[in-house]
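For reference, the structure discussed in these notes is given below.
What you see is a predicted model; the values in this text were computed from it and never measured. Whatever order the structure lists them in is the order used to number ligands and atoms, beginning at 1.
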Amino acid sequence: MADYQAPLRDMRFVLNEVFEAPALWSSMPKLAENVDADTADAILEEAGKIAGGVLAPLNREADEQGSKWNDGEVTAPEGFKEAYQTIVEGGWNGLGGNPEFGGMGMPKMLVAQFEEMMQGANMSFGLAPMLTAGACLSLNAHGSQELKEKYLPNMYSGVWAGAMDLTEPHAGTDLGIIRTKAEPNGDDSYSVTGTKIFITWGEHDMAENIIHLVLAKLPDAPAGPKGISLFLVPKFLVNDDGSLGERNSFSCGSIEKKMGIKASATCVMNFDGAKGWLVGEANKGLAAMFTMMNYERLGVGIQGIGAAEASLQNARVYALDRIQSRAPTGAQQKDKAADPIIVHPDVRRMLLTMKSYVEGGRAFSTYVAQWLDISKFSDNDEQRQHAEGMVALLTPVAKAFLTDRGLDACILGQQVFGGHGFIREWGQEQLVRDCRITQIYEGTNGIQALDLMGRKVVASKGKLFELFAADVATFIQDNSNDDVLRPYLESLSAALERLDDVTDAVIKQAEVTPNAIGAASVDYLDMFGLTALAYMWAKMVKVAAQKAEGDTSGFYTGKLKTARFYFERLLPKTVSLAEGIRSGSDAMMDLSDDEF
Ligand SMILES: Cc1cc2nc3c(=O)[nH]c(=O)nc-3n(C[C@H](O)[C@H](O)[C@H](O)COP(=O)(O)OP(=O)(O)OC[C@H]3O[C@@H](n4cnc5c(N)ncnc54)[C@H](O)[C@@H]3O)c2cc1C
């Protein structure tokens, strides 16, 4: 297996050349004081060392060992505790956190690159800092000043870890039917009782304390999603002076045996009158969770890119080394018994598909992160509102499209290895197993598609879609005189028009039947993602075309050639997707239950 190397060159290209992030940061005073180009570069460099030098070497062995449960205690695989300490010492947990409580206040555009490296190097481990950062985000946005002061500094530093406890045995997608209860204690605390399942890193030995954010229902709560509240429930109670007190009354009942991310503990958590504190308003817990989810969902999309990048790195090395058969055009390496498999068009198709999705996906996640940063740091109300609309629209696309393509890339990488991809030795089968969960947790990809089509596109009568369409149209208009870009802009323009037509068609279908939304949603999200990546590739062509002449590294010329592959071979998938979507929901709803 190739050693994972953080793709720093490409990250710098995306950040500095495509999105000109340092200029954007310096235009927003709240960010300008925290970050500039040099700081960002130093952070990337250091993060790359940790990902490649500390996290990646643990990945394989930790997968074999798994986390271990013993009488309620969970031990992480060998080396994880020390690696976690490295994260703590560098303050990496608080990279994007609020400086008022010890965070570093870095932009998401930069944090996203760090997350990708960590997830690409070791996804099981990466989940621990990711969930802690998510818990911090909810607490920072919705917690009282007292809760923030008491918990955030130790969570940003990573001395205390975080966990998110939503799912119950009977309630996953539909959190409105959870049964966990929270009874007021008569002071400012509550007693939380219930069982949560599938809680990632709900228990472990890497941090001194674990702060759980738990969804539960108050005694008089309305039924359904409007009756859910969010509680902070620490593993060890925290004394007024900040020292750790007695163990809270909940424990880890067991951990799951599972397909992938085996090194991470997936815990059953039993709360038995555990002491907790309300975060935000009563019955508004789901909204508080959603604050975190826009970040977390992008984070899961980034896990898809991280795994895909690792797969591409492995497959590229293997395809250059493995010799089988001769090139269709005649022997290329006559001194060898056969040519390297990279000469075969089908192997190139696989590698180029991976490269297109990885590099296009990295640009897209940075684009979404850019809107998150504007929505958080801009001083201009109108700009912030516009950015919030973009984030709402694009987040489900980032989560689902990037993880779907992430798994595709892991499977394609496995295919490049032939039978060697199926056995343990080369690491490809682990990537496939690890990446699969990204399509399921944090809201299944089917639910993301419903969110995009139903809550975002149809509910806004197409207004949110128009924000994105206008952004793409402006780019096309502004660059219409660029000769190199012109053919790409023509294809992009056609794809945008196709997506626009289909958007209108589904909005009209939905007026006639509510099933139209669910019938169209997954294909629509795919079409949206493919069009968004075409936009990203056009942006990259614009920069690369200016720098390709005299480029001896192959970086910029490689970009131009990959863009061509994307536009000629992948973007046309939108034509067949549009055809299917337009056919409506009848074919899906026609069968009776007996006929399945
Ligand atoms: C390894 C792992 C780690 C996890 N980590 C965490 C964690 O840290 N914290 C946490 O709280 N949870 C966690 N989860 C839980 C995860 O988020 C849920 O499994 C996921 O949200 C799906 O819920 P479910 O499994 O109950 O499936 P269900 O909700 O039962 O869904 C089953 C199927 O029905 C579909 N479906 C359901 N409702 C609809 C609908 N309205 N319309 C269309 N289709 C629908 C779904 O898309 C899915 O395909 C984790 C799960 C795993 C396996």
Side-chain angles (χ1 to χ4, degrees), residues 63 66-67 74 119 123-135 138 161-180 192 194-204 210-216 224-225 228 230-231 233 252 254-271 285-286 288-290 292-293 296-297 299-300 303 307 396 399-400 403-404 433-455 458 514-525 585 588-589:
D63 179 61
S67 278
V74 173
Q119 304 297 350
M123 196 186 287
S124 284
F125 179 89
L127 278 160
M130 177 175 162
L131 282 154
T132 306
S138 289
M164 311 294 303
D165 302 46
L166 289 70
T167 308
E168 298 183 7
H170 68 290
T173 302
D174 186 1
L175 292 168
I177 57 173
I178 58 167
R179 293 188 190 129
T180 299
V192 176
T195 297
K196 296 286 177 181
I197 63 163
F198 296 162
I199 306 309
T200 302
W201 289 121
E203 175 58 37
H204 58 84
I210 303 175
I211 312 305
H212 290 255
L213 290 189
V214 183
L215 287 183
I228 300 174
L230 182 64
F231 296 86
V233 187
C252 172
S254 61
I255 60 175
E256 306 294 344
K257 291 188 170 60
K258 54 194 192 290
M259 171 181 175
I261 53 166
K262 286 172 185 262
S264 71
T266 305
C267 305
V268 173
M269 300 302 304
N270 298 316
F271 294 87
L286 219 49
M289 273 288 176
F290 276 124
M292 179 274 293
M293 277 180 177
E296 209 86 314
R297 285 184 173 160
V300 175
Q303 289 190 308
K399 194 278 177 180
T403 56
D404 283 348
R433 285 189 289 103
D434 283 357
C435 191
R436 181 66 177 92
I437 186 61
T438 62
Q439 298 175 304
I440 297 171
Y441 58 20
E442 207 58 41
T444 63
N445 284 1
I447 296 300
Q448 303 300 323
L450 276 179
D451 181 41
L452 172 71
M453 186 86 263
R455 291 182 49 207
V458 174
N515 283 329
I517 293 172
S521 53
V522 166
D523 288 340
Y524 180 81
L525 188 144
S585 59
M588 254 170 239
M589 305 314 292

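Taking atom 8 (O) of ligand 1 as the reference point, the nearest protein heavy-atom neighbour is T200 N, 3.0 Å. Remark: minimum distance from atom 21 (O) of ligand 1 to any protein heavy atom is reached at G443 N, 4.0 Å. Scanning the protein for heavy atoms near atom 23 (O) of ligand 1, the closest one is G172 CA, 3.5 Å. Counting only heavy atoms of the protein, atom 9 (N) of ligand 1 lies nearest to M164 O, 2.8 Å. Looking only at protein heavy atoms, the nearest one to atom 15 (C) of ligand 1 is T167 OG1, 3.2 Å. Closest protein heavy atom to atom 40 (C) of ligand 1: I447 CD1, 3.8 Å.
The shortest N or O to N or O distance between K258 and ligand 1 is not below 3.5 Å. Between F198 and ligand 1, at least one pair of N/O atoms sits closer than 3.5 Å. Considering backbone and side-chain atoms alike, I199 places every N or O at 3.5 Å or more from each N or O of ligand 1. An N or O contact shorter than 3.5 Å links L166 to ligand 1 by distance.
Judged by distance alone, the side chain of S585 and the main-chain N or O of M588 form no donor-acceptor pair under 3.5 Å. Between the side chain of Q448 and the backbone N or O of E442, at least one donor-acceptor pair lies under 3.5 Å.
Residue contacts with ligand 1 for L450 involve side-chain atoms from C-beta outward but no N, CA, C or O (heavy atoms, distance under 4.0 Å). Here T444 has side-chain heavy atoms under 4.0 Å from ligand 1, and that is the only part of it that gets that close. Only the backbone of E442 comes within 4.0 Å of ligand 1, judged by heavy-atom distances. Contacts with ligand 1 closer than 4.0 Å are made by heavy atoms of both the backbone and the side chain of T173.
By the ring pair (Phe, Tyr, Trp, His ring centres under 6.0 Å) test, F231 pairs with Y190, sequence neighbours left out.
When the options L452, L525, N445, D404 are evaluated for a side-chain contact (heavy atoms from CB on, under 4.5 Å) with K399, the one that passes is N445.
Residues R179 and T195 are not in side-chain contact: their nearest non-hydrogen atoms beyond the backbone lie 4.5 Å or more apart. Side-chain contact between L215 and T180 is absent, with no heavy atoms from C-beta onward closer than 4.5 Å. Contact of the L166 side chain with the M289 side chain is registered, since non-hydrogen atoms from C-beta on lie closer than 4.5 Å. Residues V300 and M130 are in side-chain contact: their nearest non-hydrogen atoms beyond the backbone lie under 4.5 Å apart. Side-chain contact between Q303 and L127 is present, with heavy atoms from C-beta onward closer than 4.5 Å.
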query: Can you list the steps and then say if Y441 with I261 is a side chain to side chain contact (heavy atoms under 4.5 Å, CB included)?
result: CA-CA 12 Å; Y441 58 20; I261 53 166; 4.2 Å; yes

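Under the 4.0 angstrom criterion, atom 17 (O) of ligand 1 counts as having a protein heavy-atom contact. Distances from atom 34 (O) of ligand 1 to the protein include no heavy-atom value under 4.0 Å.
With distances taken over non-hydrogen atoms, the option nearest atom 53 (C) of ligand 1 out of L127, N445, I437 is I437.
Few gaps surround CE on M259; more than 12 heavy atoms of other groups in view lie less than 6.0 Å from it.
The contact set between ligand 1 and I440, taken as ligand atoms under 4.0 Å from a residue heavy atom, comprises 20 (C).
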